[in-house]
Colleague: 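I'd like to ask you about the structure that follows.
Computation of the quantities below employed the complete heavy-atom set of this structure, encompassing side-chain atoms and omitting hydrogens, waters and symmetry-equivalent molecules. In this text the structure is predicted, and so the values were computed from the model without any measurement.
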Amino acid sequence: MSLEYIKRLPTPDEIKEEFPLSRELTEIKNRRDAEIADVFTGKSNKFLVIVGPCSADNEDSVCEYVSRLGKLNEKVSDKLILIPRIYTNKPRTTGEGYKGITSQPDPEGKTDFHAGLIAMRHMHLKAIEVSGLTAADEMLYPENWGYVSDILSYVAIGARSVEDQEHRMTASGFGVPAGMKNPTSGTLSVMLNSVYAAQQSHCFVYRGYEVKTNGNPLAHCVLRGSSNKHNQSIPNYHYEDLRLLLQLYNQREIVNPAAIIDANHNNSGKLFKEQIRITKEVLHSRSLNEDIKGLVKGVMIESYLEEGSQKIGEGIYGKSITDPCLGWNDTERLILEIAELS
């Protein structure tokens, strides 16, 4: 047998019982969920900024970053809703490299999923405590949803997962917005089919149970650019791309049409400083067309305490060990500009 069972892991209920969400934090979560949902349903004109490290690799530096974000949120809360990006699982193109704190709570250590699940939940809880902000995470593994279902206010489905049936069906049971990224091929119909699927009710097998979902009316598109056969980045954040997406939405029976623009990845060619220019262009496109303004609900930005990236083991506090990120000073300046332009 090639599949080796190593050890039984705690269930989501067991982890939640050990690290519960307090009544105070539950109230914060419920309030934030309602505010964010109102953006997607059109009840609120606030603009979402989903911002944070490429990978949440260290609790202390992540929580320091999120604490700063919480203070900044107070300054811009009349125009913006800041959602910390706390991504605890990392997709790897070749299967090699750091896979996130859930797999490796110590980036220089060995795989330890038991300790990783605890580290993931503990970090999310502490982040809310120090900032008053509930976070976004990527649902790389659908079975992990239960460990953080009471904590997150936004979930992303990545470019390599968006065509997967289990991801689509699990997203249909989220009680929070699910951002379905366009695939690496850039095919918009695949992304829109995923949004449609996530908005429908489904019955399927999940964690050993037969389950049923009601559908997620807050499922929506995330434009992150694509790559061609020569591995060249093809952006899809320009005005013409947004107008095309709006046309495609109008051809489908999808409620609450919405798009978030990922300013990094193939949209920036992973040139992290370009996120500043790209974000401003997106805001300019919104200012030119009321329909596009209604469609584009926010941006995603990769940012950390220190700009750029480092190799694992270099030990620079608050600097990404995966993709390069904006530093805090540029991030703060950009968020204040977004608030002025929104």
Colleague: Tyr154 and His220: ring-ring contact (aromatic ring centres under 6.0 Å, His included), yes or no, with the steps?
Modeller: CA-CA 11 Å; Tyr154 186 95; His220 60 277; 5.4 Å; yes
Colleague: So among Leu125, Leu117, Ile151, which one has a side chain to side chain contact (heavy atoms under 4.5 Å, CB included) with Phe19?
Modeller: Leu125
Colleague: Rounded at 0.5 Å granularity, tell me how far CG in Asn250 sits from CG in Leu246.
Modeller: 5.0 Å
Colleague: Measure across Lys212 and Ser201 and return the closest heavy-atom pair with its distance rounded to 0.1 Å.
Modeller: CE-OG, 3.7 Å
Colleague: Within the structure provided, determine whether Leu223 and Tyr237 are in side-chain contact (heavy-atom separation under 4.5 Å).
Modeller: no
Colleague: Does the pair Ser44 and Asp38 meet the rule for a side-chain hydrogen bond (donor to acceptor under 3.5 Å, both in side chains), with working shown?
Modeller: CA-CA 5 Å; Ser44 169; Asp38 282 349; over 6 Å; no
Colleague: Just checking, is any N or O donor in the side chain of Asn216 or Gln199 under 3.5 Å from an acceptor N or O on the other one?
Modeller: no
Colleague: Regarding Tyr65 and Ser303, do their side chains bring together a donor and an acceptor under 3.5 Å, going by distance alone?
Modeller: yes
Colleague: Backbone N or O of Arg224 within a donor-acceptor pair of the Asn182 side chain at under 3.5 Å?
Modeller: yes
Colleague: Rounded to the nearest 0.5 Å, how far apart are NZ of Lys181 and CD of Glu138?
Modeller: 6.0 Å
Colleague: If I compare all heavy atoms of Lys319 with all of Ser309, which pair ends up nearest, and what's the gap?
Modeller: CE-O, 3.3 Å
Colleague: Step by step, would you call Ile338 with Leu283 a side chain to side chain contact (heavy atoms under 4.5 Å, CB included)?
Modeller: CA-CA 8 Å; Ile338 295 171; Leu283 293 172; 4.0 Å; yes
Colleague: If we ignore hydrogens and angles and just use 3.5 Å, is the side chain of Lys110 paired with the main-chain N or O of Gln104 as donor and acceptor?
Modeller: no
Colleague: With no hydrogens and no angle check, just 3.5 Å: does a side-chain donor-acceptor pair link Ser61 and Asn58?
Modeller: yes
Colleague: Could Arg333 and Asp330 be called an ion pair, given the rule that one side-chain N must be under 4.0 Å from one carboxylate O?
Modeller: yes
Colleague: Counting C-beta onward and ignoring hydrogens, is there a side-chain heavy-atom pair between Trp328 and Arg68 closer than 4.5 Å?
Modeller: yes
Colleague: Can you tell me how far apart CD1 (Ile128) and CD1 (Ile86) are? Round to the nearest 0.5 Å.
Modeller: 8.0 Å
Colleague: Identify whether the distance between the nearest side-chain nitrogen and carboxylate oxygen of Lys90 and Asp57 falls below 4.0 Å.
Modeller: no
Colleague: If you define the side chain from C-beta out and look only at heavy atoms, does anything of Tyr87 sit under 4.5 Å from Leu140?
Modeller: no
Colleague: Within a strict 4.5 Å, meaning less than it, do heavy atoms of the Ile81 and Ile36 side chains meet?
Modeller: yes
Colleague: Nearest 0.5 Å, what's the OG-CZ distance between Ser172 and Phe204?
Modeller: 5.0 Å
Colleague: Looking only at non-hydrogen atoms, find the nearest pair between Pro107 and Ile321 and report the distance.
Modeller: CB-CD1, 3.8 Å
Colleague: Taking the side chain as every heavy atom from C-beta outward, state whether Met120 and Glu59 have any pair of such atoms under 4.5 Å apart.
Modeller: no
Colleague: Nearest heavy-atom pair of Ala56 and Tyr98: which atoms, and what distance?
Modeller: O-OH, 4.2 Å
Colleague: Do the charged groups of Asp33 and Lys29 touch, with an N to O distance under 4.0 Å?
Modeller: yes
Colleague: Evaluate the side-chain proximity of Thr279 to Ile301: yes if any heavy-atom separation is below 4.5 Å, no if none is.
Modeller: yes
Colleague: Side chains of Ser268 and Asn264: donor-acceptor distance under 3.5 Å anywhere?
Modeller: yes
Colleague: For Thr187 and Ser185, test the side chains for any donor-to-acceptor distance below 3.5 angstrom and give the result as yes or no.
Modeller: yes
Colleague: With a 3.5 Å cut-off and no angle check, do the side chains of Ser55 and Thr322 form a donor-acceptor pair?
Modeller: yes
Colleague: Measure the shortest side-chain to side-chain distance between Glu307 and Leu326 over non-hydrogen atoms and say whether it is less than 4.5 angstrom.
Modeller: no
Colleague: Quick check for you: to the nearest 0.5 Å, what is the distance between Glu281 atom CD and Leu242 atom CG?
Modeller: 8.5 Å
Colleague: Quick one: does any side-chain atom of Asp137 pair with a main-chain N or O of Thr88 as donor and acceptor, under 3.5 Å?
Modeller: yes
Colleague: Might you point out which heavy atoms bring Asp78 and Lys75 nearest each other, and give the distance in Å?
Modeller: OD1-O, 4.1 Å
Colleague: For a quick test of reading the model, state the closest non-hydrogen atom pair linking Ile335 to Leu80 and the distance between them.
Modeller: O-CD1, 3.6 Å
Colleague: Report yes or no: do Asp262 and His265 form a side-chain donor-acceptor pair below 3.5 Å?
Modeller: yes
Colleague: Measuring from Ser227:OG to Asn266:CG, what's the distance to the nearest 0.5 Å?
Modeller: 5.0 Å
Colleague: Apply the test side-chain hydrogen bond (donor to acceptor under 3.5 Å, both in side chains) to residues Ser153 and Arg32: give CA-CA distance (whole Å), side-chain angles for both, the deciding distance (0.1 Å), then the verdict.
Modeller: CA-CA 7 Å; Ser153 283; Arg32 291 262 299 170; 5.0 Å; no
Colleague: Quick one: does Glu163's side chain get under 4.5 Å of Pro183's, heavy atoms only?
Modeller: yes
